[in-house]
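Scope of the values below: all heavy atoms of this structure, side chains included, with no hydrogens, waters or symmetry mates. Treat the numbers as computed from the prediction; the structure is a model and nothing was measured.
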Amino acid sequence: ASGSLLGPTTFDVVVENGGAGGNVTVTSTVYGEGETVQSKHGETVSMDAGERRKVSFEVDLESEAERYCIREPALPF
């Protein structure tokens with residue numbers, strides 16, 4: 001996602017576990033100008049096989065950010 005981000009910000013993402021149950025770590029990366037990483041935030045949640053769940057990141061951006069990216073690791077088949 002992109003746009004102007006500043007101050008207290010909440011990122012919500014829906015994660016679906018397509019593998020076996022266990023812990024899943026979801027990472028949000030906030031970018032400043034260009035490809036400059038401004039901050040990274042991780043959230044680990046326990047999920048059952050096939051479960052969908054909302055994961056929220058609450059961050060306080062002290063300087064203006066341009067975009068963010070949220071990733072979860074690829075799960076083995």
So NE2 of H41 and OG1 of T27: to nearest 0.5 Å the spacing works out to 10.5 Å

Straight-line distance of Q38 CD to E64 CD, nearest 0.5 Å:
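The distance works out to 9.0 Å.
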
Smallest separation among heavy atoms of [X] and [Y], with atom names:
X: F57; Y: S28; answer: CD2-OG, 3.7 Å
X: G7; Y: D60; answer: C-OD1, 3.2 Å
X: D48; Y: N17; answer: O-ND2, 3.3 Å

Tell me whether the count of non-hydrogen atoms from other residues, nucleotides or ligands lying under 6.0 Å of CD in E51 goes above 12.
yes

Does one side chain, of S56 or D12, offer a donor that lies under 3.5 Å from an acceptor on the other?
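Distance-only check passes for S56 and D12.
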
Side chains of [X] and [Y]: does their closest heavy-atom pair fall under 4.5 Å?
X: V13; Y: K54; value: no
X: R53; Y: M47; value: yes
X: F11; Y: V59; value: yes

Are I70 and L61 linked, directly or through other ILVMFWY residues, by side chains that come within less than 4.5 angstrom of each other?
yes

Could you go through T36 and Y31, starting from their C-alpha distance and side-chain angles, then the distance that decides it, and tell me whether this counts as side-chain contact (heavy atoms from CB on, under 4.5 Å)?
CA-CA 5 Å; T36 304; Y31 295 90; over 6 Å; no

